Amino acid sequence: MSQVKVPVVRNILEANERLAKANRTIFDQAGIFAVNLMSSPGAGKTSLLEKTIDGLGDRYRIAVIEGDIQSSYDAERIQRKGVQAVQINTDGACHLDGGMVLEAIEALDLDGLDLLVIENVGNLVCPAEFNLGEHHKVMILSVAEGDDKPLKYPLMFQTSSVLLVNKIDLLPYVDCDLEKIRQRAGQLNPRQQIFEVSCRGGAGLDAWYAWLETEIARVRVNRG
Ligand code: MG
Ligand code: ZN
């Protein structure tokens with residue numbers, strides 16, 4: 001069975017790589033910094049986006065691609081903030097792929113856009129395997145999920161440039177050792193930047209905004 005399965009999986013990933021490259025070319029030529037935002041369900045992706053729009057929306061033009069298995073609830077939350085949001089309903093699929101994002105890009109007005117955040121489907125497994133053309137993968141882990149997640153989902157940690165540890169306001173009430181997260185994530189990906197934040201209260205978000213601003217500036221110089 002594995003003799004059949006392996007080439008098929010490779011073909012899917014290769015086809016995805018080509019589409020991801022096409023997306024990346026679009027982002028680079030337009031000078032748009034693109035982030036692939038991943039986490040398990042409920043870790044705070046949409047809340048982080050709302051806060052980020054509050055924090056940077058007056059200085060940067062932001063758009064969001066919302067990946068969800070069903071419903072447009074999150075896209076509506078984002079639109080209420082006054083930024084462009086395109087919904088991708090994956091129709092049951094548990095991750096976004098390059099082709100879905102390419103379609104969503106075509107529905108966006110890219111003119112003058114500084115930052116595009118692609119909110120992936122809530123899942124710590126296969127989203128890490130599918131490049132979307134983003135400049136960086138960013139993941140959120142909430143402290144309510146515990147400190148063992150780097151051990152269980154190493155690829156997500158290995159591929160993400162940034163780890164946002166969210167809901168730190170809940171630390172007194174949950175069984176989670178921040179030092180263990182830092183240690184375990186650091187072993188998997190020594191270059192990963194870790195920001196400890198609370199999207200509810202806003203703690204720690206300045207470091208995240210500063211990281212975004214640096215990356216936005218780096219990509220924006222390409223704009224013709
Ligand atoms: Mg969401
Ligand atoms: Zn999947």
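Since we're looking at a predicted model, the values are computed, not measured. Just so you know, ligand 1 is whichever comes first in the structure, and atom 1 is the first atom listed for that ligand.
Results of the side-chain contact (heavy atoms from CB on, under 4.5 Å) test with Ile194 over Val162, Leu163, Asn189 single out Leu163 as the only residue that passes.
Atom OE2 is the N/O/S atom of Glu119 found closest to the Mg ion (ligand 1). Sorting the N, O or S atoms of Asp74 by how far they are from the Mg ion (ligand 1) puts OD2 first.
Listed for the Gln87 side chain is a donor-acceptor partner under 3.5 Å among the backbone atoms of Ser71. In terms of modelled atom types and a separation under 3.5 Å, the side chain of Asn131 and the main chain of Ala20 share no donor-acceptor contact.
The Mg ion (ligand 1) has Thr46 among its coordinating residues (N/O/S atom, backbone or side chain, under 2.8 Å).
Here the Zn ion (ligand 2) has protein N, O or S atoms under 2.8 Å from it, and they come to 3.
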Side chain to side chain donor-acceptor pair (under 3.5 Å), that's the test. Do Ser160 and Lys137 meet it? Break it down for me. CA-CA 5 Å; Ser160 297; Lys137 290 183 172 70; over 6 Å; no
Kindly indicate, with the supporting measurements, whether the criterion side-chain contact (heavy atoms from CB on, under 4.5 Å) is fulfilled by Leu56 and Glu213. CA-CA 9 Å; Leu56 298 178; Glu213 292 201 75; 4.0 Å; yes
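Ring pair His95/Phe130 is parallel by interplanar angle, where below 30° counts as parallel and above 60° as perpendicular.
Counted within 6.0 Å of CG on Asn11, heavy atoms from surrounding residues, nucleotides or ligands total more than 12; the atom is thus considered enclosed.
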